[in-house]
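What follows is one structure encoded as structure tokens, with my remarks underneath.
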Amino acid sequence: MKELPQISTTEWQVMKVLWIKAPLTANEVITEIEGVTTWKPKTVKTLLGRLVKKRAIAFNKDGRAYVYYPLVAEDECVKAESHSFLEKVFSGALNVMFANFLEEQKLSKEEIDELKRILDQKNS
């Protein structure tokens, strides 16, 4: 697996927009994020710059505008972040993590059935 950049919590907000709607100019990213955050345009541009430095995104110049697009896939980043979280918080113990979440969350019958289906598939 290729080395994925470390994406901060705030950078994830920008990445989510780009994963869904790329390619986007900085102003388009700012418009998309306006309803989700209270960040100033300069903050969004700073985050775009950081993500370019980390090689999580790249851009093409279109006239005076920079058009941004992701270099890393969302599913790869989610897997890496999930693994990192599991290691950091639960020392890699998946059963402890699941037990903790299941004890703390109210699950619908449909969610329980889906979890059973997934576990049954893993067991076969």
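All residue numbers in this chain count up from 1 along the given sequence. Just so you know, these numbers use all the heavy atoms, side chains as well, and skip hydrogens, waters and symmetry mates.
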Hey, is [atom1] on [X] packed in by over 12 heavy atoms from elsewhere, all under 6.0 Å?
X      : atom1 : result
Tyr68  : OH    : yes
Glu111 : CD    : yes
Lys61  : NZ    : yes

Please name all residues satisfying salt bridge (Lys or Arg N to Asp or Glu O under 4.0 Å) with [X], sequence neighbours left out, ordered by chain then number.
X      : result
Lys109 : Asp113
Lys21  : Glu32
Arg64  : none
Glu74  : none

Exercise. Ion pair present between Lys79 and Glu76, side-chain N to carboxylate O less than 4.0 angstrom?
Worked result: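 No, Lys79 and Glu76 are not salt-bridged.
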
Nearest-0.5 Å distance that lies between atom [atom1] in [X] and atom [atom2] in [Y]:
X      : Y      : atom1 : atom2 : value
Ile30  : Lys42  : CD1   : NZ    : 12.5 Å
Asn27  : Lys45  : CG    : NZ    : 5.5 Å
Gln6   : Glu81  : CD    : CD    : 7.0 Å
Gln13  : Leu18  : CD    : CG    : 12.0 Å
Leu115 : Phe101 : CG    : CZ    : 12.0 Å
Thr38  : Ile33  : OG1   : CD1   : 11.5 Å

Closest non-hydrogen atom pair, [X] against [Y]:
X     : Y     : result
Trp39 : Leu47 : CZ3-CD1, 3.5 Å
Ile57 : Pro70 : CG2-CA, 4.0 Å
Val72 : Arg55 : CG1-O, 4.4 Å
Pro23 : Val67 : CB-CG1, 3.3 Å
Thr25 : Ala65 : CG2-CB, 4.1 Å
Lys54 : Ser8  : NZ-N, 4.2 Å

For this session: Run through Leu86, Leu102, Val89 and flag the one making a side chain to side chain contact (heavy atoms under 4.5 Å, CB included) with Met97.
Result: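 The option that passes is Leu86.
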
Problem set entry | Tyr69: ring pair (Phe, Tyr, Trp, His ring centres under 6.0 Å) partners, not counting sequence neighbours |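 In terms of ring pair (Phe, Tyr, Trp, His ring centres under 6.0 Å), with neighbours along the sequence ignored, Tyr69 is linked to no residue.
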
Problem set entry | Sequence-distant partners of Phe85, ring pair (Phe, Tyr, Trp, His ring centres under 6.0 Å), two or more places apart |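 Counting only residues at least two positions away or on another chain, Phe85 forms a ring pair (Phe, Tyr, Trp, His ring centres under 6.0 Å) with Phe90.
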
Problem set entry | Cluster link Met15 to Ile20, ILVMFWY, side chain under 4.5 Å |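 No, separate clusters.
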
For this session: Answer with yes or no whether the hydrophobic clustering places Phe98 together with Val78; edges join I, L, V, M, F, W, Y residues whose side-chain heavy atoms lie under 4.5 Å apart.
Result: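 Different hydrophobic clusters.
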
For this session: Evaluate side chain to side chain contact (heavy atoms under 4.5 Å, CB included) for Glu114 paired with Arg117, printing each intermediate quantity in order.
Result: CA-CA 5 Å; Glu114 176 68 9; Arg117 185 190 64 73; 2.6 Å; yes

For this session: Evaluate the criterion side chain to side chain contact (heavy atoms under 4.5 Å, CB included) for residue pair Asp75 and Trp19; output intermediate values, then yes/no.
Result: CA-CA 10 Å; Asp75 63 332; Trp19 281 321; over 6 Å; no

